[in-house]
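Let me begin by presenting the structure, written as structure tokens, before commenting on it.
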Amino acid sequence: MTRTIIESGTKTAIMGFDQPFCVIGERINPTGRKILNVELEAGDFSRVQADAIAQVAAGATVLDINSGAVFSNKMAEDPRYADNNFVEPDLMRQLVEKVQEVTDCPLCIDSSVPGALEAGLAAAKGRPLLNSVTGEEERLELVLPLVKKYNVPVVAISNDDTGISEDPEVRFAVAKKIVERAADFGIPAHDIVVDPLVMPIGAMATAGLQVFTLVRRLREELGVNTTCGASNISFGLPNRHGINNAFLPMAMGAGMTSAIMNPVALPVNAKAIAEKRAAVAAAGIILPEDMEDEDFVQMFGMGSTQPRAGKEMEAIRAANFLTNNDDGGAAWIEFNRQAPKAGQEGRGRAGRTGGRRRRA
């Protein structure tokens, strides 16, 4: 049975067909996050550490760490900062060290810069996942020696020097090529995690079917574990969570064993709460003046004022249960157990002391 082992100094995450789905938390990534870029440029890693803690609490089993920051202010002062080969290696080292200060969750070192990959590998405890190698010749020659040197698993993305093909047969052939080239370096297939590339369903109606077919072939013919950027499938569409919630269990059923995704439902901000309170008041609905924000947002289905596991995590945990990768449903039951509110500890349903009583 194919098993990919990812480790920190004290914890192990196992990716495999007979294992619970591996959730690789994606939020430690400055791409498209202006505030995080500014903070990293100033040497502030507090948001990174908070994101790490929140993702693990929501159920991430591996944390992806991406160092692709743009330091605009420093770039204006020193042209070297325009070069990612200069910026990313030291930033990656710092990111890995800062995350390891607050969690022992296994890591995924993510960069397009070989120097940053090696810096992350050198700083990481245990056996991290490397993200990534492609079928491009230059990339194969740069990354596979690192994979062998550090004895780590690697994400293999199914594109090559010709780009990303819309033909699933071509993407399968690229994946097979990477597995074969890795074998030439003495890297076993169980240490290759293939990303078959998920296309947006809004742009390609067959995108979902293509992925499911590819994942089955990768499992049955190459015997490799698989991953994907889960949110790609819903890009540009309304109610993305609804699509993601359907896609993930279907991909799992086809044999996908992991996904790079956001496991956290972000908290409702104060502005949204104030606007909703005003709308409720305008509608003539009278609520207690001392109603707490958390009770308010839950009453009106807005989410929570605190970070918590997202709906995608609910779908994944349900699928784990349905595929017999949750022994006795223990994880599902624990996931759905609500913490009591202050003053209600030890009470049963509806705040009654004790549990449900049988009639004599």
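- Applying the side chain to side chain donor-acceptor pair (under 3.5 Å) rule to pairs touching residues 187-202 yields Arg127-Asp191, sequence neighbours excluded.
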Can you give each donor-acceptor pair under 3.5 Å made by side-chain atoms of residues 11-21, sequence neighbours left out, with the distance rounded to 0.1 Å?
from: Lys11; atom 1: NZ; to: Asp104; atom 2: OD1; distance (Å): 3.4
from: Thr12; atom 1: OG1; to: Glu7; atom 2: OE2; distance (Å): 3.4
from: Asp18; atom 1: OD2; to: Arg3; atom 2: NH2; distance (Å): 2.7

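- Formation of a donor-acceptor pair under 3.5 Å by the Gln55 side chain with backbone atoms of Glu26 is found in this model.
- A salt bridge links Glu334 with Arg337; the closest basic N to acidic carboxylate O contact falls under 4.0 Å.
- Listed by first then second residue, pairs satisfying side chain to side chain donor-acceptor pair (under 3.5 Å) with a partner in residues 266-290 read Arg277-Asp293, not counting sequence neighbours.
- With sequence neighbours excluded, no residue forms a ring pair (Phe, Tyr, Trp, His ring centres under 6.0 Å) with Phe71.
- Pairs engaging residues 45-58 under the salt bridge (Lys or Arg N to Asp or Glu O under 4.0 Å) rule: Arg27-Asp51, Arg33-Asp51, Glu39-Arg47 [sequence neighbours left out].
- Looking only at side-chain heavy atoms (C-beta outward), Met313 and Met261 come within less than 4.5 Å of each other.
- Applying the salt bridge (Lys or Arg N to Asp or Glu O under 4.0 Å) rule to pairs touching residues 215-242 yields Glu169-Arg217, Arg217-Glu221, sequence neighbours excluded.
- Taking the side chain as every heavy atom from C-beta outward, Pro30 and Val70 never approach each other to under 4.5 Å.
- The shortest distance between side-chain heavy atoms of Leu36 and Val48 falls below 4.5 Å.
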For this session: Check the pair Thr31, Asn29 against side-chain hydrogen bond (donor to acceptor under 3.5 Å, both in side chains), reporting the backbone distance first and the verdict last.
Result: CA-CA 6 Å; Thr31 305; Asn29 185 341; 2.9 Å; yes
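- At a cut-off of 3.5 Å, with distance as the only test, a side-chain donor of Glu101 or Gln49 sits close to an acceptor on the other residue.
- Contact check for Val133 versus Val147: no side-chain heavy atoms found under the 4.5 Å cut-off.
- Two residues are said to be in side-chain contact when any heavy atoms from C-beta on lie closer than 4.5 Å; Asn262 and Ser231 fail this criterion.
- Under a 3.5 Å cut-off, the side chain of Gln100 and the backbone N or O of Lys125 do form a donor-acceptor pair.
- Partners of Phe300 according to the ring pair (Phe, Tyr, Trp, His ring centres under 6.0 Å) rule, which considers only residues two or more places apart in sequence or in another chain, are Phe296.
- Sorted by first then second residue, the side chain to side chain donor-acceptor pair (under 3.5 Å) pairs that include residues 244-261, not counting sequence neighbours, are Asn225-Thr257, Thr227-Ser258, Ser234-Asn244, Asn244-Glu312.
- No single ILVMFWY cluster, assembled from side-chain heavy atoms under 4.5 Å apart, contains both Val155 and Leu140.
- Within the 3.5 Å criterion, the main-chain N or O of Met199 finds no donor-acceptor partner in the side chain of Glu166.
- Around CE of Met75, the count of heavy atoms belonging to other residues, nucleotides or ligands within 6.0 Å exceeds 12.
- No side-chain N or O of Gln298 forms a donor-acceptor pair with one of Ser304 less than 3.5 Å apart.
- Listed for the Arg308 side chain is no donor-acceptor partner under 3.5 Å among the backbone atoms of Ala265.
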For this session: Check step by step if side-chain hydrogen bond (donor to acceptor under 3.5 Å, both in side chains) holds for Asp90 and Gln94.
Result: CA-CA 6 Å; Asp90 188 53; Gln94 293 180 78; 3.0 Å; yes
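- The shortest side-chain heavy-atom distance between Met252 and Asn325 does not fall under the 4.5 Å cut-off.
- Distance alone, capped at 3.5 Å, is enough to place a donor-acceptor pair between the Thr2 side chain and the Gly223 backbone.
- Val194 is not listed as a side-chain neighbour of Ile178, based on a closest heavy-atom distance of 4.5 Å or more.
- Listed by chain and residue number, Ile24, Asn66, Cys108, Asp110, Asn131 satisfy the side chain to side chain contact (heavy atoms under 4.5 Å, CB included) test with Asp64 (two or more places apart in sequence, or in another chain).
- Applying the salt bridge (Lys or Arg N to Asp or Glu O under 4.0 Å) test to every pair with at least one member in residues 148-162, sequence neighbours left out, gives these pairs: Glu118-Lys149.
- Counting non-hydrogen atoms of other residues, nucleotides and ligands closer than 6.0 Å to CD1 of Ile35 gives a total of 12 or fewer.
- A donor atom on one side chain and an acceptor atom on the other are not found under 3.5 Å apart for Asp167 and Ser165.
- Around NZ of Lys176, the count of heavy atoms belonging to other residues, nucleotides or ligands within 6.0 Å does not exceed 12.
- Taking Phe247 as the reference, Phe212 meet the ring pair (Phe, Tyr, Trp, His ring centres under 6.0 Å) condition, with sequence neighbours excluded.
- The pair Glu77-Lys74 does not count as a salt bridge, with every side-chain nitrogen at least 4.0 angstrom from each carboxylate oxygen.
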Considering only distance and modelled atom types, tabulate donor-acceptor pairs under 3.5 Å from the side chains of residues 200-209, sequence neighbours left out.
none

